[in-house]
Amino acid sequence: MAASEHEPLSFSRLAPHHIPLLIPLETESYPEPWTFNMFMQEVSNENSRFFLMFEGGRLAGYGGFWLLVDEIHITRVTIAPTLRGRGLAKRLMEYLFEAAHHCGAHTAWLEVRASNLRAIRLYEGLGFVHKGCRKAYYQRTNEDAMVMTRTIGTDIG
Ligand SMILES: CC(C)(COP(=O)(O)OP(=O)(O)OC[C@H]1O[C@@H](n2cnc3c(N)ncnc32)[C@H](O)[C@@H]1OP(=O)(O)O)[C@@H](O)C(=O)NCCC(=O)NCCS
């Protein structure tokens, strides 16, 4: 089912009161989940842009990036398990690209676990290309990271 057939999406910039809402989704979505304090750092880090996506009133996902001059490093892209496979990650990423474009960024970078085929397919579908591999990048699982990049701005009006 397409995202457009459901309630409208809305986005909020991360604030401290949101963090308890994110922790359960974070914990079930990542082998190396961020802690409360790591999310708090996203609130105080002036280079961070971090957003929650709501469908109707409920949390559908969240994502963010660090702005490094004219590049962004995408830090998180997460969709609630029961809402996956409906194009919501794509919508979230498009929102992040728009926010990045407004900050003057031209290039996006990210790392993704080599086994995370679902995320890799999502990024390839959004025009990301593979730029290399960081061996044993994820310490807890010893897993490699694929490094991916794409330009931003050319498709944003
Ligand atoms: C990765 C994740 C964000 C994808 O969210 P999603 O809302 O299911 O993704 P979308 O529905 O927008 O799908 C986008 C693309 O992903 C791929 N995809 C979606 N569901 C898939 C599935 N079940 N199997 C394989 N690929 C799939 C498809 O290429 C799809 O594009 P298409 O529908 O045009 O073919 C989500 O699975 C998630 O939150 N995972 C846990 C956190 C995580 O790993 N984040 C990425 C960190 S780098």
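Values below: every heavy atom of this structure, side chains too, minus hydrogens, waters and symmetry copies. For ligands, and for the atoms within them, numbers begin at 1 and follow the listed sequence.
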Seminar exercise, completed: At a 4.0 angstrom heavy-atom cut-off, ligand 1 is contacted by Ser29, Tyr30, Val77, Thr78, Ile79, Arg84, Gly85, Arg86, Gly87, Leu88, Ala89, Lys90, Glu111, Val112, Arg113, Asn116, Arg118, Ala119, Arg121, Leu122, Tyr123
Problem set entry | Tyr138-Glu32 side chain donor-acceptor pair, cut-off 3.5 Å | no
Exercise. Can a donor-acceptor pair be found between the side chains of Tyr62 and Glu26 at a distance below 3.5 Å?
Worked result: yes
Exercise. Taking only residues two or more places apart in sequence, or in another chain, which ones meet His73 in a ring pair (Phe, Tyr, Trp, His ring centres under 6.0 Å)?
Worked result: Trp66
Problem set entry | Those residues that, when tested against Ser115, pass side-chain hydrogen bond (donor to acceptor under 3.5 Å, both in side chains) (two or more places apart) | Glu143
For this session: Taking side-chain hydrogen bond (donor to acceptor under 3.5 Å, both in side chains) as the test, write out the residues that go with Ser29, two or more places apart.
Result: Arg84
For this session: Determine the interplanar angle of the Phe51 and Phe65 rings, folded into 0 to 90°, and report it as parallel if under 30°, tilted if 30 to 60°, perpendicular if over 60°.
Result: tilted
